[in-house]
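Atom set for the values below is all heavy atoms of this structure, side chains included, hydrogens, waters and symmetry mates excluded. Just so you know, ligand 1 is whichever comes first in the structure, and atom 1 is the first atom listed for that ligand. Please read all numbers here as calculations on a predicted model, not as lab measurements.
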Amino acid sequence: MRLIIFGPPGAGKGTQAVKISQEYKVLHISTGDILRASVKEGTELGKLAKTYMDKGELVPDNVIIGIIKERITTQDSQKGFLLDGFPRTIEQAEALEKMLNKEGQRIDSVISIEVDDEEIVKRITGRRVCEKCGSMYHIIFDPPTNMGYCNKCGGGLYQRDDDSEDVIRTRLQVYRRQTEPLKKFYKKVGILKRVDGLGTIDDVFERIEKILKGVA
Ligand code: ADP
Ligand code: ADP
Ligand code: ZN
């Protein structure tokens, strides 16, 4: 099964991706997580990416496409994968198609999580991330047992630099302008599946499971 989880920033892509990859045993590939890991390590990629991420802008297509090319050709990805945060532009989507075509593969479904702007701002401003394992929490909607610490590994929770209200506004504009047009792209191909993203994390996951029952 090869899937894309799609939606605006803060829609719940990462949260659902973790659940889907556990249940369906597919490799979770998050470009945001990969970039944040590079920033933390202080690599050349990380230094470059940070200048875009801090402003809420997209990292250049050629950089991101290179990262994905490397990941989806590994042995782990042969059983299937779930792309989270990629593609974000038409150019990225076209590059992905080319890569998969070469291997005689294709994307089975694009799961689009639909959430309004008001909810997005609430979700992003309350988001906290584990500095050790990357697990996501929300101070109100999905709080950890011990405030400030990860349930899974005990690591400290932090707020992402780009989760401030002014950067969120830029990210939403970037989403509308550069990423949302991809819905039309995948609708034409006939693989776009819209999911209502409002409700609890489990409610949304149940809706996704229903869709995935129909997918090979
Ligand atoms: P969110 O989960 O809030 O949607 P991500 O963690 O996916 O955010 O991405 C954080 C930032 O990393 C983006 O604002 C962008 O700067 C960069 N980024 C992640 N994925 C991509 C991509 N596919 N193309 C370009 N930039 C990306
Ligand atoms: P994305 O990867 O799309 O940026 P995340 O999965 O990181 O989104 O979710 C953004 C924030 O919203 C996180 O703090 C997460 O705990 C919270 N969240 C995710 N799904 C829901 C939901 N269904 N209801 C309320 N909060 C949610
Ligand atoms: Zn943790």
Side-chain angles (χ1 to χ4, degrees), residues 4-20 28-39 45-46 48-68 71 82-93 95-96 111-115 119-144 146 148-163 167-168 170-175 178-179 182 195-208:
I4 292 171
I5 189 135
F6 186 87
K13 299 181 298 294
T15 303
Q16 296 299 329
V18 168
K19 293 170 83 70
I20 296 167
H28 175 198
I29 303 173
S30 158
T31 43
D33 287 350
I34 293 167
L35 294 173
R36 276 184 292 280
S38 308
V39 171
L45 167 65
L48 174 84
K50 190 168 168 27
T51 60
Y52 296 94
M53 293 168 85
D54 283 350
K55 286 186 278 186
E57 290 166 8
L58 296 182
V59 173
D61 284 330
N62 62 329
V63 174
I64 294 287
I65 289 165
I67 293 175
I68 288 293
R71 302 277 165 145
L82 169 59
L83 298 174
D84 164 11
F86 178 93
R88 259 176 155 97
T89 62
I90 295 283
E91 193 171 338
Q92 291 178 18
L96 176 65
I111 299 164
S112 169
I113 305 184
E114 317 264 323
V115 175
E119 179 70 14
I120 286 171
V121 173
K122 280 190 211 158
R123 288 189 184 180
I124 296 187
T125 50
R127 169 160 57 189
R128 297 293 182 272
V129 185
C130 173
E131 62 187 3
K132 261 199 205 160
C133 76
S135 291
M136 254 108 45
Y137 297 89
H138 190 285
I139 51 173
I140 297 162
F141 305 137
D142 188 19
N146 294 319
Y149 297 96
C150 177
N151 289 350
K152 286 169 199 133
C153 77
L157 303 185
Y158 74 100
Q159 184 166 27
R160 275 168 47 178
D161 289 343
D162 60 343
D163 278 354
V167 183
I168 296 171
T170 308
R171 285 160 64 201
L172 274 172
Q173 279 172 2
V174 167
Y175 172 77
Q178 303 193 60
T179 307
L182 283 177
V195 175
D196 176 6
L198 292 180
T200 66
I201 291 171
D202 287 338
D203 288 340
V204 178
F205 186 55
E206 269 177 37
R207 291 175 201 143
I208 293 175

With atoms numbered from 1 as shown, which atoms in ligand 1 lie under 4.0 angstrom from a non-hydrogen atom of P9?
3 (O), 4 (O)

What do you reckon, does K55 put a non-hydrogen atom under 4.0 Å from ligand 1?
no

N/O donor-acceptor pair under 3.5 Å between T31 side chain and G85 backbone:
yes

Out of all atoms in ligand 1, which are within 4.0 Å of some heavy atom of T31? Include the element for each.
19 (C), 20 (N), 21 (C), 23 (N)

Could you list the atoms of ligand 2 found under 4.0 angstrom from a heavy atom of F141?
25 (C), 26 (N)

Looking only at heavy atoms, what is the nearest atom pair of A49 and L35, with distance?
CB-CD2, 3.9 Å

Just by distance, do the side chain of Q159 and the backbone of T125 share a donor-acceptor pair under 3.5 Å?
yes

Heavy-atom contact under 4.0 Å between G7 and ligand 2?
no

Just distances here: any N/O of Y137 and N/O of ligand 2 closer than 3.5 Å?
yes

For ligand 1, is any non-hydrogen atom under 4.0 Å from L35's backbone (N, CA, C, O), its side chain (CB onward), both, or neither?
side chain

Side chain proximity check, E57 to T51, heavy atoms < 4.5 angstrom
no

Filtering G85, A11, P87 for the heavy atom nearest atom 23 (N) of ligand 1 leaves G85

Between C150 and C153 the two heavy atoms that sit nearest each other are SG-N, 3.5 Å

With backbone taken as N, CA, C and O and side chain as the heavy atoms from C-beta onward, which portion of V59 lies under 4.0 Å from ligand 1: side chain, backbone, both, or neither?
both

Ignoring angles and geometry beyond distance, decide whether Q92 reaches within less than 3.5 Å of ligand 1 through its nitrogen or oxygen atoms.
yes

Say whether D33, considering both its backbone and side-chain N or O atoms, lies within less than 3.5 Å of an N or O atom on ligand 1.
no

Given side chains that start at C-beta, do those of R171 and I168 come closer than 4.5 Å, heavy atoms only?
yes

Taking only heavy atoms of T15 into account, list the atoms of ligand 2 that are under 4.0 Å away from them.
5 (P), 6 (O), 9 (O), 15 (C), 19 (C)

Q16 side chain to I201 main-chain N or O, any donor-acceptor pair under 3.5 Å?
yes

May I ask you to decide whether D163 forms a salt bridge with R128, counting only side-chain N to carboxylate O separations under 4.0 Å?
no

Mind checking whether I124 has an N or O less than 3.5 Å away from an N or O of ligand 2?
no

Any donor-acceptor pair under 3.5 Å linking the side chain of R36 with the backbone of G134?
no

Grab the two heavy atoms, one from G10 and one from R123, that are nearest each other, plus how far apart they are.
O-CD, 3.3 Å

Atoms of ligand 2 less than 4.0 Å from G14 heavy atoms?
1 (P), 2 (O), 6 (O)

Answer whether the closest heavy-atom distance between the side chains of M136 and D142 falls below 4.5 Å.
no

For ligand 1, does R127 get within less than 4.0 Å through its side chain, its backbone, both, or neither, judged by non-hydrogen atoms?
side chain

Ligand 2 to H138, heavy atom cutoff 4.0 Å, flagged ligand atoms 14 (O), 16 (O)

Which protein non-hydrogen atom lies closest to atom 10 (C) of ligand 2, naming both residue and atom, and how far is it?
G10 O, 3.6 Å

Shortest reach to atom 5 (P) of ligand 1 by a heavy atom, considering only R171, K13, R88:
R88

At less than 4.0 angstrom from any non-hydrogen atom of M136, what atoms of ligand 2 do you find?
6 (O), 7 (O)

Considering only protein heavy atoms, which is closest to atom 21 (C) of ligand 2, and at what distance to one decimal place?
I201 CG1, 3.5 Å

Counting each atom of ligand 1 from 1 as listed, which ones have a heavy atom of R36 under 4.0 Å away?
6 (O), 10 (C)

For the residue pair V59 and L45, establish whether any side-chain heavy-atom pair is separated by less than 4.5 Å.
no

Pull out every atom of ligand 2 sitting under 4.0 Å from any heavy atom of T200, numbered as shown with elements.
23 (N)

